[in-house]
Amino acid sequence: MKAVVYRGEKNVAVEEVPDPTIQSPTDAIVRITTTNICGSDLHMYEGRTSVEEGKVLGHENMGVVEEVGAGVDRLEVGDRVSLPFNIACGTCRNCTQGWTSFCLRANPTEGMDGAAYGYANMGPYDGGQAEFLRVPWADFNALHLPPGTEHENDFTMLSDIFPTGWHGVELSGMQPGDRVAVFGAGPVGLMAAHSAMIRGASQVFVVDKEPDRLALAQKYGATAVDFSAGDPVEQLMEATDGNGVDRGVEAVGYQAHDPSGEEHPELVLDNLVQVVRATGGIGVIGVYVPQDPGANSDLAKEGRIPFQYGQFFTKGQSMGTGQAPVKKYNRQLRDLIITGRANPSLIVSHELALDEAVDGYERFDNREDGWTKVLLRPGTLA
């Protein structure tokens with residue numbers, strides 16, 4: 001089959017690789033109909049992770065069941081499914097408590113709880129930027145979708161970014177009527193803004209500097225804050241009469257940078273500590289890594305991010321972090337899409353054939369104007 005393979009810094013290729021096979025009775029093989037390029041894929045693409053050369057990429061996957069193992073009894077050939085980026089066993093302590101993003105069995109990598117398709121340090125699993133994908137523990141992991149092709153571009157957001165944006169709002173402790181500031185208007189930040197609006201925020205601010213992304217934030221009903229036009233903390237404090245916001249969502253991660261492009265991994269954390277009111281909450285869903293050899297400081301290279309913890313403590317703020325347990329949210333978000341309450345596909349800018357993935361990666365990584373979310377189509381939807 002054809003698949004997108006990592007070949008080194010700024011180098012991916014569409015190559016022929018072996019078809020996946022049933023390796024365990026609980027496996028299924030899914031024919032991929034839509035798979036997305038995620039902003040976190042760019043960390044690997046830019047050489048800022050320890051992903052091994054030859055890895056098949058892709059953790060935002062959906063498709064149609066092609067084959068099932070002898071132990072699969074909930075899925076049938078022909079079922080349309082969304083596949084959470086988390087690969088989870090369903091029976092370990094964390095899985096049974098709903099924390100499928102920290103499964104204790106799926107990832108043999110030392111020191112890592114939680115597994116995913118096609119991602120650095122997240123286990124030996126191939127990704128789904130390919131024609132077919134092996135799905136472990138398929139009965140537990142796959143989410144049934146209505147048959148056909150309706151809502152394809154919405155449902156493809158259920159594997160990662162829509163639940164992750166929702167999780168960021170959940171981690172912040174948001175209540176209806178709260179004001180929320182989301183830093184980062186990439187796909188996850190936009191999904192956090194959309195989630196906050198659905199959940200009843202009185203006002204949502206989205207901080208970024210890219211005009212196309214800020215325009216999308218406004219389409220979701222958020223207030224755009226351009227940090228290249230001035231200090232975002234000052235802009236937000238002025239917009240809230242000096243009170244600050246109730247909740248903040250960090251959707252940028254360890255490659256945060258100022259308007260000039262210089263990286264400051266603590267930048268967004270510091271801004272949120274300043275702009276969230278005393279006793280307010282912060283949800284961190286931007287990716288941070290244990291080590292970052294490409295960082296511009298010795299501390300950051302060791303994964304040590306010296307943010308304004310003293311002020312954070314003094315203000316009595318709370319913070320939640322970590323990858324989203326997609327299964328905790330994806331059924332409800334699916335139903336919000338079906339009933340018309342949620343419209344995550346608004347961010348989709350490009351739908352490409354799998355053979356066009358190399359160009360898609362380059363343009364998305366370069367933040368070219370209008371390239372806000374890229375979907376790959378390995379084959380036909382029918």
Side-chain angles (χ1 to χ4, degrees), residues 1-4 16-36 38 56-91 95 100 103 105-106 115-119 122-163 325-335 337-338 344-345 351 353-354 375-382:
M1 68 173 182
K2 290 182 179 179
V4 178
E16 294 283 339
V17 303
D19 289 348
T21 59
I22 298 290
Q23 298 179 23
S24 168
T26 55
D27 287 352
I29 304 298
V30 170
R31 174 176 59 83
I32 298 296
T33 56
T34 304
T35 179
N36 314 328
C38 180
V56 176
L57 303 180
H59 59 271
E60 296 187 8
N61 308 309
M62 67 175 292
V64 176
V65 176
E66 190 85 1
E67 182 182 358
V68 296
V72 174
D73 60 13
R74 193 178 65 86
L75 295 178
E76 297 180 355
V77 172
D79 284 350
R80 185 187 187 201
V81 294
S82 172
L83 305 171
F85 79 89
N86 321 119
I87 300 173
C89 73
T91 56
C95 284
T100 53
C103 175
R105 294 177 60 205
Y117 300 101
Y119 204 84
M122 298 300 286
Y125 305 99
D126 284 338
Q129 290 172 8
E131 294 178 294
F132 298 94
L133 177 67
R134 171 185 167 242
V135 180
W137 296 289
D139 270 342
F140 179 71
N141 286 304
L143 172 72
H144 278 103
L145 301 173
T149 61
E150 190 178 9
H151 299 302
E152 183 81 10
N153 288 6
D154 291 302
F155 288 153
T156 194
M157 307 305 174
L158 290 173
S159 57
D160 180 0
I161 64 168
F162 193 11
V326 170
K327 277 180 62 68
K328 183 178 280 191
Y329 312 115
N330 63 353
R331 180 190 57 79
Q332 300 96 313
L333 301 185
R334 176 200 64 192
D335 294 346
I337 290 169
I338 291 171
S345 65
E351 301 173 55
L354 190 67
L375 312 187
L376 300 176
R377 293 272 158 67
T380 60
L381 296 183

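This is a predicted model, so every value here is computed, not measured.
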[X] side chain near [Y] side chain, heavy-atom distance below 4.5 Å:
X      : Y      : result
Glu60  : Leu375 : no
Pro84  : Asn330 : yes
Asp79  : His144 : yes
Cys103 : Asn86  : no
Ile337 : Pro344 : yes
Met62  : Ser159 : no

Check: [X] side chain, [Y] main-chain N or O, donor-acceptor pair, under 3.5 Å:
X      : Y      : result
Asp139 : Leu75  : yes
Gln129 : Asn36  : yes
Tyr125 : Ala106 : yes
Asp160 : His59  : no
Asn141 : Ala88  : yes
Arg105 : Thr91  : no

Subject >> Exceeds 12 heavy-atom contacts within 6.0 angstrom, atom NZ of Lys2 >> reply: no
Subject >> Listed partners of Arg331 passing salt bridge (charged side-chain N to carboxylate O under 4.0 Å, His left out), at least two apart >> reply: Asp335
Original post:
Who are the salt bridge (charged side-chain N to carboxylate O under 4.0 Å, His left out) partners of Glu150, not counting sequence neighbours?
Top reply: none
Subject >> Between Arg334 and His151, a side-chain donor and acceptor under 3.5 Å >> reply: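 Distance-only check fails for Arg334 and His151.
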**OP:** Check whether the side chains of Thr33 and Arg377 place a donor and an acceptor atom closer than 3.5 Å, and report yes or no.
**Re:** no
Specify the closest pair of heavy atoms between [X] and [Y], including all atoms of both residues, with the distance to one decimal.
X      : Y      : result
Ile87  : Ala116 : CD1-C, 3.6 Å
Pro163 : Val326 : CG-CG1, 3.8 Å
Cys89  : Cys95  : N-SG, 3.8 Å
Asp27  : Ile22  : O-CD1, 3.6 Å
Asp126 : Leu133 : O-CD1, 3.4 Å
Leu333 : Leu158 : CB-CD2, 3.6 Å

Original post:
How far does CD of Gln332 sit from CZ of Phe162, to the nearest 0.5 angstrom?
Top reply: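 It is 10.5 Å, given to the nearest 0.5 Å.
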Original post:
Nearest 0.5 Å, what's the CD-OG1 distance between Glu152 and Thr34?
Top reply: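 Rounded to the nearest 0.5 Å, the CD-OG1 separation comes out at 3.5 Å.
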Subject >> Stepwise side-chain contact (heavy atoms from CB on, under 4.5 Å) check, Val81 with Val30 >> reply: CA-CA 8 Å; Val81 294; Val30 170; 4.1 Å; yes
**OP:** For Phe132, check side chain to side chain contact (heavy atoms under 4.5 Å, CB included) against everything at least two apart and list the hits.
**Re:** Met1, Pro20, Ile29, Arg31, Glu66
Original post:
When you look at Phe85 and Ile161, which way does the side-chain contact (heavy atoms from CB on, under 4.5 Å) test go after all the steps?
Top reply: CA-CA 10 Å; Phe85 79 89; Ile161 64 168; over 6 Å; no
